Protein chains: 2
Amino acid sequence: MNFEDKLRASGLRPTKQRLRICKILFDRDKTFHFLVKDLVETLNQKYDEKKISVATVYNTVHAFKKSGYLKQLNIDTIHHYYDTNVSHHHHFFDESTKELIDLNNDQVEKIEIKKTLPGKTISSVEILVKIENK
Amino acid sequence: MNFEDKLRASGLRPTKQRLRICKILFDRDKTFHFLVKDLVETLNQKYDEKKISVATVYNTVHAFKKSGYLKQLNIDTIHHYYDTNVSHHHHFFDESTKELIDLNNDQVEKIEIKKTLPGKTISSVEILVKIENK
DNA sequence: TTCTTTTTTAGAATGATTATAAACTAGATA
DNA sequence: TATCTAGTTTATAATCATTCTAAAAAAGAA
């Protein structure tokens with residue numbers, strides 16, 4: 001799916017700013033974890049004729065999250081990461097570097113939750129493996 | 001361990017304010033999950049002759065966290081929960097009510113992580129089970 | 001073009017948390 | 001008990017990510 005379609009599928013017109021955001025987020029073959037402030041910085045370094053506003057970046061990220069192209073991760077106390085890998089998977093969080101690393105489903109034994117809660121249904125099961133330097 | 005000792009063990013003098021915080025946090029037999037803002041509110045409702053300042057509450061909570069009497073949980077996007085249950089365990093997070101529920105180790109099959117990362121060691125493995133109303 | 005709607009933007013507002021610096025207290029000592 | 005000193009509390013300001021606002025700019029249709 002090209003960027004224009006991705007944008008239109010999210011109910012957004014393919015504007016210059018939004019296409020630039022797409023280029024950075026999806027123009028790669030690997031998973032990409034990012035903080036919005038880093039994304040803004042990257043955009044403004046790359047296209048420095050005119051700075052993109054934080055509001056636009058937030059709006060676009062939210063629209064992508066809503067339409068399922070991004071997943072939000074709350075790991076660190078303050079910052080919220082986004083992940084371009086929206087398939088079900090888990091994460092390592094490197095406490096030394098504050099880096100996120102994907103941990104695929106098939107790299108973890110199936111998790112069985114023995115406790116059930118009446119009237120409730122499980123919407124997701126996520127493992128966070130915190131790691132640090134040996 | 002009484003509150004005075006708990007405080008002294010955290011390198012804190014047992015002041016009136018800190019004892020009040022202890023009373024609310026540890027004077028119960030069950031796990032207690034809380035947000036700092038709720039704790040401040042509770043304190044000020046209970047002892048309303050003179051309001052306790054947020055700074056004191058944060059300082060005390062941080063000291064307890066540092067000395068291992070509290071565990072911090074980053075689940076919700078904005079708020080950070082603290083948990084008086086510092087033993088290793090997992091959580092349900094009810095997305096409908098924003099409530100946290102403990103999930104003990106023995107209620108989950110042992111998790112095996114097949115992926116290893118060179119130079120890194122695992123410091124914790126935490127499961128977050130998101131639930132919602134059926 | 002011209003019109004209407006959507007988008008972008010700078011800057012203000014918000015809300016949790018942290019820092020600051022001055023007033024206050026605990027505990028020790030004389 | 002009075003005094004001293006270090007630790008504590010507090011109000012207030014500062015910070016930082018995020019959201020809101022309202023006006024200017026751009027897109028797309030007619």
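Labels below follow one simple rule: chain letters A, B, ... track the order of the sequence lines, proteins then strands, and each chain is numbered from 1. These numbers were taken from a predicted model, which means no experiment stands behind them.
Seen from the ring of Phe92(B), Lys120(A) does not count as a face-on cation partner, given the 6.0 Å and 45° thresholds. Relative to the ring axis of Tyr47(B), Arg20(B) places its NZ or CZ within 45° and under 6.0 Å from the centre.
Salt-bridge formation is detected for the pair Glu4(A)/Arg8(A): a Lys NZ or Arg NE/NH1/NH2 atom is positioned less than 4.0 Å from an Asp or Glu carboxylate oxygen.
Phosphate proximity of dT17(C) to His62(B): absent, as no side-chain N or O sits under 4.0 Å from OP1 or OP2. Distances shorter than 4.0 Å separate some side-chain N or O of Thr15(B) from OP1 or OP2 on dT9(D). Checking the phosphate oxygens (OP1, OP2) of dT17(C), a side-chain nitrogen or oxygen of His80(B) falls inside 4.0 Å. Remark: Arg18(A) is in phosphate contact with dT7(C), judged by side-chain N or O atoms under 4.0 Å from OP1 or OP2.
Among the atoms of the strands shown, none is found under 4.0 Å from any heavy atom of Leu35(A).
Spacing between atom NZ of Lys37(B) and atom C1' of dT18(C) amounts to 18 Å, rounded to whole angstrom units. If you take NZ of Lys65(A) and C1' of dT18(D), they are 12 Å apart, rounded to a whole angstrom.
Every residue was checked against the side-chain contact (heavy atoms from CB on, under 4.5 Å) condition with Asn59(A), not counting sequence neighbours, and none meets it.
A perpendicular orientation is assigned to the rings of Phe93(A) and Tyr81(A), their planes being inclined by more than 60° (bins at 30° and 60°).
Toward the 5′ end of DNA chain C lies the nearest nucleotide of Val36(B), the other residue of the pair Arg8(B) and Val36(B) mapping further downstream.
With Ser10(A) contributing its side chain and Leu12(A) its backbone, the two residues share no donor-acceptor pair below 3.5 Å.
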Hey, what are the protein-to-nucleotides 9-12 of chain C N/O distances that come in under 3.5 Å?
{"residue": "dT9(C)", "atom": "OP1", "partner": "Gln17(A)", "partner atom": "NE2", "Å": "3.3"}
{"residue": "dT9(C)", "atom": "OP2", "partner": "Ser53(A)", "partner atom": "N", "Å": "3.2"}
{"residue": "dT9(C)", "atom": "OP2", "partner": "Ser53(A)", "partner atom": "OG", "Å": "3.4"}
{"residue": "dT9(C)", "atom": "OP2", "partner": "Thr56(A)", "partner atom": "OG1", "Å": "3.1"}

